[in-house]
Novice: 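Here it is, the structure, as structure tokens.
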Amino acid sequence: MDIKEIINEVQLMKANKEDLVEAMREVGIEVADNDPLRVIADKLHLAGGKSCVTKVATVETLDDGTKQHRFFTREEWDLLSSSERLAYPRIGILLIAEGHQLIISKSYQTRSDDNDATTMLWGTSGLDVSGLKNYETGTYGMIWDFDSQGNTDKIIAHYGTTTADPVAARRCREYKGCPDDPTRWDLPAAGHLILMTKYRLEINEAMNYFIGGGTLSDSQWYWSSTEYGANHAWAIQVFSGSVSSNSGKVNYHFVVRPVSAI
């Protein structure tokens, strides 16, 4: 589709938004009257059989200096000149799939600011985090755990009452996709990692297109913020979809990929 066709399509959608919304509702697509055109377009793509939508996640500076997220499709990004793109530092990829909207950071977090190793412990002590549900063997509800923010909050708060270090969760919160990144980054819950596994090819394609790298590893195990118990947390191999509950928090060094659900 060339630029003229894109512009014509957008103009048609804008002129017929009310009728479009009504037609979408008639076929069972949930849409609000105040949904912007970009949201309506995403819902149409998903309803039309497209399994997911990916966009580049950037940071926009408003006139008052406030920083906020701004997302671009490939078509929108390609319309920007090189100098215009400089105003939108890229921080990752937005994945829209199965009712979730998840920003995946453009790179792995390192073990520390002066250590560029990308693998780390879950924590320096085996603690049963207060308020964090234990998903033990046979309780595979862990695949429905999408509370990356809540899990990360609880891990950091609980470890904060001790002398131990919640390495993986802490380093996710310290991640910055650019110097003025306003994003609250989290250690992904198991459900979010499984979502990333399912759409790994689409995510990697978008990473290469928009970021020029930063693809999800084919071999590494990823720490999740979903707890198995006091001494273990769930880990997932994004390439194969394999899951492990026998992952000692203080024994194994796995990678962490910060995410932010919106």
Side-chain angles (χ1 to χ4, degrees), residues 92 95 97-105 108-112 117-175 183-200 203 216-217 219-262:
L95 173 70
E98 301 182 17
H100 299 278
Q101 296 189 67
L102 186 70
I103 303 175
I104 302 158
S105 61
Y108 295 98
Q109 176 59 302
T110 57
R111 193 176 301 174
S112 65
T118 55
T119 60
M120 62 195 75
L121 296 172
W122 197 87
T124 59
S125 179
L127 299 174
D128 192 1
V129 176
S130 177
L132 197 61
K133 182 175 180 178
N134 289 346
Y135 290 93
E136 298 176 345
T137 300
T139 57
Y140 288 102
M142 44 79 69
I143 66 174
W144 303 113
D145 180 13
F146 293 97
D147 193 10
S148 298
Q149 178 183 356
N151 292 354
T152 304
D153 286 343
K154 291 169 185 173
I155 294 167
I156 291 175
H158 188 87
Y159 271 76
T161 64
T162 74
T163 58
D165 182 6
V167 185
R170 175 180 59 80
R171 287 301 288 161
C172 280
R173 278 289 161 84
E174 292 173 349
Y175 181 84
T183 312
R184 179 213 67 250
W185 294 103
D186 303 311
L187 180 62
H192 280 146
L193 279 177
I194 291 170
L195 196 70
M196 291 162 62
T197 299
K198 185 173 182 179
Y199 297 103
R200 178 181 62 88
I203 293 167
L216 302 179
S217 170
S219 59
Q220 296 281 8
W221 285 87
Y222 291 65
W223 277 124
S224 82
S225 57
T226 303
E227 196 172 56
Y228 175 87
N231 296 308
H232 300 83
W234 287 90
I236 295 173
Q237 192 177 44
V238 170
F239 170 70
S240 65
S242 299
V243 299
S244 172
S245 61
N246 190 29
S247 304
K249 297 176 180 177
V250 301
N251 304 114
Y252 292 93
H253 287 79
F254 295 148
V255 297
V256 298
R257 193 65 178 250
V259 300
S260 185
I262 60 174

Novice: What pairs with Asn251 under side-chain contact (heavy atoms from CB on, under 4.5 Å), at least two apart in sequence or on another chain?
Specialist: none
Novice: Look at the aromatic rings of Tyr108 and Tyr222 and report parallel, tilted or perpendicular, splitting at 30° and 60°.
Specialist: tilted
Novice: Go through the steps to decide whether Tyr135 and Ile143 satisfy the test side chain to side chain contact (heavy atoms under 4.5 Å, CB included), and finish with yes or no.
Specialist: CA-CA 10 Å; Tyr135 290 93; Ile143 66 174; over 6 Å; no
Novice: Please name all residues satisfying side-chain contact (heavy atoms from CB on, under 4.5 Å) with Lys198, sequence neighbours left out, ordered by chain then number.
Specialist: Glu98
Novice: Applying side-chain contact (heavy atoms from CB on, under 4.5 Å), name anything that partners Glu174, two or more places apart in sequence or on another chain.
Specialist: Gln109, Arg170, Arg171
Novice: If every non-hydrogen atom of Leu187 is compared with every non-hydrogen atom of Ala168, which pair is closest and at what distance?
Specialist: CD2-CB, 3.9 Å
Novice: Heavy atoms only: give me the nearest Leu193-Ser224 pair and the separation to one decimal.
Specialist: CD1-CB, 3.6 Å
Novice: In chain order, what residues pass the ring pair (Phe, Tyr, Trp, His ring centres under 6.0 Å) check against Phe146, with sequence neighbours excluded?
Specialist: His100, His192
Novice: With no hydrogens and no angle check, is any side-chain donor or acceptor of Thr124 less than 3.5 Å from a backbone partner on Asp165?
Specialist: yes
Novice: Do you know the tightest heavy-atom contact between Ile156 and Pro166?
Specialist: CA-CG, 4.3 Å
Novice: Only one of Arg173, Arg184, His158 clears side-chain hydrogen bond (donor to acceptor under 3.5 Å, both in side chains) with Asp153; which?
Specialist: Arg173
Novice: Looking only at heavy atoms, what is the nearest atom pair of Met120 and Thr110, with distance?
Specialist: CE-O, 3.4 Å
Novice: Verify side chain to side chain contact (heavy atoms under 4.5 Å, CB included) between Ile155 and Glu227, making sure each step is shown before the conclusion.
Specialist: CA-CA 10 Å; Ile155 294 167; Glu227 196 172 56; over 6 Å; no
Novice: Considering residues at least two apart in sequence or located in another chain, which fulfil the side-chain contact (heavy atoms from CB on, under 4.5 Å) criterion with Ala233?
Specialist: Trp122, Trp223, Lys249
Novice: Show the nearest heavy-atom pair for residues Trp221 and Val243, with the distance to one decimal.
Specialist: CZ3-C, 4.0 Å
Novice: So which of Val238, Ile104, Thr118 actually passes side chain to side chain contact (heavy atoms under 4.5 Å, CB included) with Arg257?
Specialist: Ile104
Novice: Apply ring pair (Phe, Tyr, Trp, His ring centres under 6.0 Å) to Tyr175 and list each qualifying residue two or more places apart in sequence or on a separate chain.
Specialist: Trp185
Novice: Can you tell me how far apart OG1 (Thr226) and CG (Leu132) are? Round to the nearest 0.5 Å.
Specialist: 7.5 Å
Novice: Going by atom types alone, do Asn151 and Ser225 pair a side-chain donor with an acceptor below 3.5 Å?
Specialist: yes
